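Down below is the structure, laid out as structure tokens.
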2 protein chains.
Amino acid sequence: MKASIITIGDEILIGQIVDTNSVYLAKELDLLGFEVSEIITISDKKESIEKAMSSQMGQVDLVIMTGGLGPTKDDVTKKVFCDFFEDHLVIDEQVLAHVTTLIENYFKRPISEVNKQQALVPSTSTVLFNTVGTAPGMLMQKNNTTFVSFPGVPLEMKTIFSEQLVPYIKDHFKGVFNIHKTIITYGIGESLLAEYLEDWENNLPSDIKLAYLPSPGKVRLRLSSRGSNQDFLSQSIEMQIDRMPESVKAYIRAYEDIDFPEIIIKELQIRNKTISFAESCTGGRLAVMFNAKPGSSAYFKGGMVCYATESKVNILGVNQDTINKYTVVSEEVAMEMAEQARLKFNSDYAIATTGNAGPSKGDSDVEVGTVCIGIATPIGVFTKKYELGQPREKVINSAIAKGLELIYNEILKK
Amino acid sequence: MKASIITIGDEILIGQIVDTNSVYLAKELDLLGFEVSEIITISDKKESIEKAMSSQMGQVDLVIMTGGLGPTKDDVTKKVFCDFFEDHLVIDEQVLAHVTTLIENYFKRPISEVNKQQALVPSTSTVLFNTVGTAPGMLMQKNNTTFVSFPGVPLEMKTIFSEQLVPYIKDHFKGVFNIHKTIITYGIGESLLAEYLEDWENNLPSDIKLAYLPSPGKVRLRLSSRGSNQDFLSQSIEMQIDRMPESVKAYIRAYEDIDFPEIIIKELQIRNKTISFAESCTGGRLAVMFNAKPGSSAYFKGGMVCYATESKVNILGVNQDTINKYTVVSEEVAMEMAEQARLKFNSDYAIATTGNAGPSKGDSDVEVGTVCIGIATPIGVFTKKYELGQPREKVINSAIAKGLELIYNEILKK
């Protein structure tokens, strides 16, 4: 069971937008047991679409195409479908009725000629009804390959995929499973990890594949297998993980693909503890990370983005004398910020950040890239000072990573 | 001047990570005058890489490949390069010296065998030195196509690209220019916009291409042209924009590809005004949007993420009686939140959000999807109440969009 994804859109080829549709489709197809062999992004020119469709026909079982289905002149996928499958367009009455209602209810105006054209579909296609938008999906077959076309708007694509295509796939494709297990390590580089794992890796069964996914401070190890017996696949991967050398296990922070805030949130939940933030140079990013999930009010109390120096004093309650004496980017100020956040938000833990992310100097005379982090816990407060270099984005991300590392170790102590 | 991008990595094909490298490369290549004809994501299997390279050879002038260059066993690009160009690997002494220093300084240990292998490159390749990591880039040619291979770590890829490849491209490829001009409209749907623009669009010169990029509440219109005379291209696009119908101009919020927070920031800067936030259901996202750029302290005063009800009272200063009487998700509380934020942060404007993003009911009895927004300005405070449906992510994003719309209109009044 092989699949490929074709994304149509000049806006991706010139780097104007990020292609999140492919990420979603790749993940879902993987869950459904497909091996995605290629993701291809092409221009919305007729020739490009035809060439990409031809290149996949007979090579894979399923081709999912997104984009090029809107009401405007730059959308051409439907015409290409007609040529490719030697078909012609006809009005689908159910789609027309749906588009008419949608336009009348939402825009309070009668349906236009442009809108009517959205109800046109190739006469032999299976229409995949779009309950949340005007452009329907279409499904057609040629040379043992099923081609599906979706509109490019993410919400519409996802809705048609899950409501219409998933049931179709379950009916028409046999059960093969992809099993992935991701392990998160922190504080060890990819090369050293590979050295520690060398013997273990050489002894992995040939049907289990190992991949390294490094990112700053962290390496994800992914073990993958594929077959028809889901339980057996899972068990054989688990067995290999048990056999990993202890030297590597010491660096493992999670046995699932979650990020550091989620790892910390789990530890807070286990202990029934709460956290808050006082952020200057990280500008609220820590707070956002800790309230992304529903139910976050159980462990996330709140945060202050005290960007202007006056707000550190007036709202958070940092002593003006401390700022005058040590400047606003100092361990002394970071300490008071963390202390005050913990007190004011009535939380068990607090992280405070103050620093100069650059590119130029701000309210303080410290070097660009200097960040002080304050950590408040039920047993005390401490601070660390870092020189995190440049550019700005790297300073902010490193400050977040350092803050998370520090608080994680404190939470584990209790 | 055509180019294509090949991204190597199973992690993208299973949807585990978003391919941000391609977005960066597509944008940069476009700026350098290339027409990017395809972006292809493939598995790190030898056959897949060879097949993708063959499919591009002779078709485009430049192929940029990322991934598959790390120190670990799952990285195979270098071997494929040797086969494809009928070459063999040799140690590059300069790279070896650099890797040795990097490992010794950073990990405080001698270089390992695995690390040494990073200094291996095909004997006839042009080495693109990596100043920020261990794996170098490589450049080789075959059948009029230049193939470049970069490591997949974004920072390393970007550094080698800008430090090493850009000068090479400027030396070896002739000056063609891509000109894009993006216009942002809010509050009009893609279909109606297309109707209003029909005559104008039909009269566009054939060398100017128009594209519609719809997203919730907003449509971006992109005009593109390509040629050797940069000034002429820009002028002829500008001339067409001037000729747009007035019915469309009324919906235009910006004549460049910036997002709504940036549009508002410009208006604040023009007027020398400041803003602050009191966020409950939007969790700090508004604050993060307004401090993303350097120099934001000139217009961004700070924000409160008052997630827990107690923090709305204790820190922000909302009256407990107001909460008791009207519940925490109410226009009355939103009003006090906005007022207090504006006062406490000493800003000209403030946005406050309180709502239930769902999926289940929180500290309030209001329906899931209910959001109240408070807007404080130099001349007063007002609120709006919305029912934003589900899912959670949509409620949060819609609340942000509504808040931005409200404050934008207020700022323009002054």
Side-chain angles (χ1 to χ4, degrees), chain A residues 10-15 18 23-24 26-27 30 36-43 70-74 107 112 114-115 153 180 189-192 194-195 201 210-214 283-285 287-288 291 294 297 300-308 310-311 314-315 344-346 359 362 392, chain B residues 10-15 18 23-24 26-27 30 36-43 70-74 107 112 114-115 153 180 189-192 194-195 201 210-214 283-285 287-288 291 294 297 300-308 310-311 314-315 344-346 359 362 392:
Chain A
D10 288 347
E11 59 276 15
I12 300 164
L13 293 174
I14 64 167
V18 179
V23 182
Y24 171 85
K27 199 170 205 158
D30 183 79
V36 176
S37 56
E38 275 185 67
I39 301 170
I40 310 169
T41 306
I42 50 168
S43 150
T72 55
K73 282 187 74 174
D74 61 324
F107 292 105
S112 70
V114 173
N115 292 133
V153 178
H180 305 287
E190 186 186 7
S191 307
L192 191 58
E195 270 181 61
E201 191 175 346
L210 175 71
Y212 293 77
L213 294 100
R285 287 167 181 78
V288 169
N291 67 54
S297 51
F300 171 68
K301 286 282 198 151
M304 268 282 300
V305 186
C306 33
Y307 220 63
E310 57 177 313
S311 68
N314 296 346
I315 317 179
K344 292 240 156 75
F345 285 104
N346 189 24
R392 181 179 171 85
Chain B
D10 288 347
E11 58 276 16
I12 300 165
L13 293 173
I14 63 169
V18 180
V23 182
Y24 171 86
K27 198 170 207 158
D30 183 77
V36 177
S37 55
E38 275 186 65
I39 300 171
I40 310 168
T41 305
I42 50 168
S43 149
T72 55
K73 282 186 74 173
D74 61 323
F107 291 105
S112 70
V114 172
N115 293 132
V153 177
H180 305 288
E190 186 185 5
S191 308
L192 192 58
E195 271 182 62
E201 191 176 345
L210 176 72
Y212 293 75
L213 293 102
R285 286 166 183 77
V288 169
N291 68 54
S297 50
F300 171 67
K301 287 282 201 153
M304 268 283 301
V305 186
C306 34
Y307 220 63
E310 57 175 315
S311 68
N314 297 344
I315 315 178
K344 290 242 156 76
F345 285 104
N346 189 25
R392 181 179 171 84

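Quantities reported herein were computed from a predicted structural model and do not represent experimental measurements.
Heavy-atom pairs under 4.5 Å with chain B peak, among A:D10, A:V288, A:D30, at A:V288. Between chain A and the residues B:P294, B:S311, B:G189, B:G302, the most heavy-atom pairs under 4.5 angstrom are made by B:P294. Contact count against chain A (heavy-atom pairs under 4.5 Å) is highest for B:G303 among B:G303, B:A287, B:C306. For the set B:P214, B:P359, B:G283, the entry with the most heavy-atom pairs within less than 4.5 Å of chain A is B:G283.
Under the side-chain contact (heavy atoms from CB on, under 4.5 Å) criterion, A:V36 pairs with A:I5, A:L29, A:I39, B:L13, not counting sequence neighbours.
Within the 4.5 Å cutoff, side-chain heavy atoms of B:F300 are placed close to those of A:V305. Within the 4.5 Å cutoff, side-chain heavy atoms of A:H180 are placed close to those of B:I14. Residues B:I40 and A:E38 form a side-chain contact, since some pair of their non-hydrogen atoms from C-beta on lies under 4.5 Å apart.
For a residue to count as touching a neighbouring chain, one of its non-hydrogen atoms must lie under 4.5 Å from one of that chain's; by this rule A:E310 touches chain B with the side chain only. With a 4.5 angstrom heavy-atom cutoff, B:S37 touches chain A only via backbone atoms. Heavy atoms of A:R285 lying under 4.5 Å from chain B belong to its backbone as well as its side chain. Of the atoms belonging to A:N291, heavy atoms from both backbone and side chain fall under 4.5 Å from chain B.
Summarising the geometry, atom CG belonging to B:L192 is positioned 7.5 Å from atom OG belonging to A:S112; distances are rounded to the nearest 0.5 Å.
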